[in-house]
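Bear in mind the structure is a predicted one, so any value in this text is a computation, not a measurement.
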Amino acid sequence: CSHTRGRRNGACHVSRFLAASPRLGAMATISAAPSYLPLALIDKCIGSRIWVIMKGDKEIVGTLRGFDDYVNMVLDDVREHTFTSQGKKVTHLESILLNGNNITMMVPGGDPDENEANGKAAEK
């Protein structure tokens with residue numbers, strides 16, 4: 001334990017409680033349903049295409065090469081979609097470093113062009 005309150009002879013009072021609890025038995029184990037941590041999910045996307053929806057009027061699609069704890073990302077083979085009153089502008093970029101502060105949502109394997117095409121096909 002990292003706290004010092006309740007320590008006696010180097011043992012934590014919480015672990016002594018768990019070991020002595022008649023309901024939990026002598027060998028208490030704590031188990032939980034599998035958890036999916038955000039950074040672990042992003043890590044599985046390295047090398048794959050990812051659709052990043054940004055704050056404002058931009059969406060970015062590229063191949064994820066790496067990221068850090070702040071979700072700053074390095075993307076290759078990038079298409080930047082900018083939405084304006086005149087319509088959509090698409091810019092192709094070889095490689096970018098994307099600031100994680102501006103990310104709203106990420107869609108692994110997604111693509112706004114495919115999503116748009118699927119939506120139009122469903123309307124017919």
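W51 and L93 are members of different hydrophobic clusters when ILVMFWY side chains are connected at heavy-atom separations under 4.5 Å. A continuous path of Ile, Leu, Val, Met, Phe, Trp and Tyr side chains, each step under 4.5 Å between heavy atoms, connects V78 with I103, placing both in one hydrophobic cluster.
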>> Checking T84 against D57 for the side chain to side chain contact (heavy atoms under 4.5 Å, CB included) test, could you report, in this order, the C-alpha distance in whole Å, the side-chain angles of both residues, the deciding distance, and whether it holds?
In response: CA-CA 7 Å; T84 66; D57 296 326; over 6 Å; no

> Under the side chain to side chain contact (heavy atoms under 4.5 Å, CB included) criterion, do M73 and R65 qualify, and how do the steps go?
Replying inline: CA-CA 8 Å; M73 298 179 165; R65 294 297 173 209; over 6 Å; no

> Does the side chain to side chain contact (heavy atoms under 4.5 Å, CB included) test come out yes or no for L41 and M106, once each step is laid out?
Replying inline: CA-CA 11 Å; L41 288 173; M106 294 179 286; over 6 Å; no

> How far apart are the C-alpha atoms of D77 and E94, what are their side-chain angles, what is the distance that settles it, and do they pass the side chain to side chain contact (heavy atoms under 4.5 Å, CB included) test?
Replying inline: CA-CA 5 Å; D77 187 25; E94 186 177 321; over 6 Å; no

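Here the side chain of K55 pairs a donor or acceptor atom with the backbone of N101 at under 3.5 angstrom.
Nearest heavy atom pair, residue P112 against residue V61, reads CD-CG2, 3.1 Å. In this structure, F67 and L39 approach most closely via the heavy-atom pair CZ-O, 3.5 Å.
Paired with D111 under the rule side-chain hydrogen bond (donor to acceptor under 3.5 Å, both in side chains), one option of R49, H81, R79 passes, and it is R79. A side-chain contact (heavy atoms from CB on, under 4.5 Å) with L64 is found for one member of L98, I42, V74, V52 and no other, namely I42.
With sequence neighbours excluded, the residues that form a side-chain hydrogen bond (donor to acceptor under 3.5 Å, both in side chains) with S95 are D76. Qualifying salt bridge (Lys or Arg N to Asp or Glu O under 4.0 Å) partners for D43, counting only residues two or more places apart in sequence or in other chains: none.
Counting heavy atoms of neighbouring residues, nucleotides and ligands inside a 6.0 Å radius, atom CG of D68 exceeds 12 of them.
Atom CE of M54 sits about 12.5 Å away from atom CE of M105, to the nearest 0.5 Å. The structure places CD1 of I46 at 12.0 Å from OG1 of T63, a figure rounded to the nearest 0.5 Å. Here NZ of K89 is found 13.0 Å from CZ of F83. Values are rounded to the nearest 0.5 Å. The OG1 atom of T104 lies 9.5 Å from the CD atom of E59; values are rounded to the nearest 0.5 Å.
The side-chain heavy atoms of I96 and I60, taken from C-beta on, include a pair separated by under 4.5 Å.
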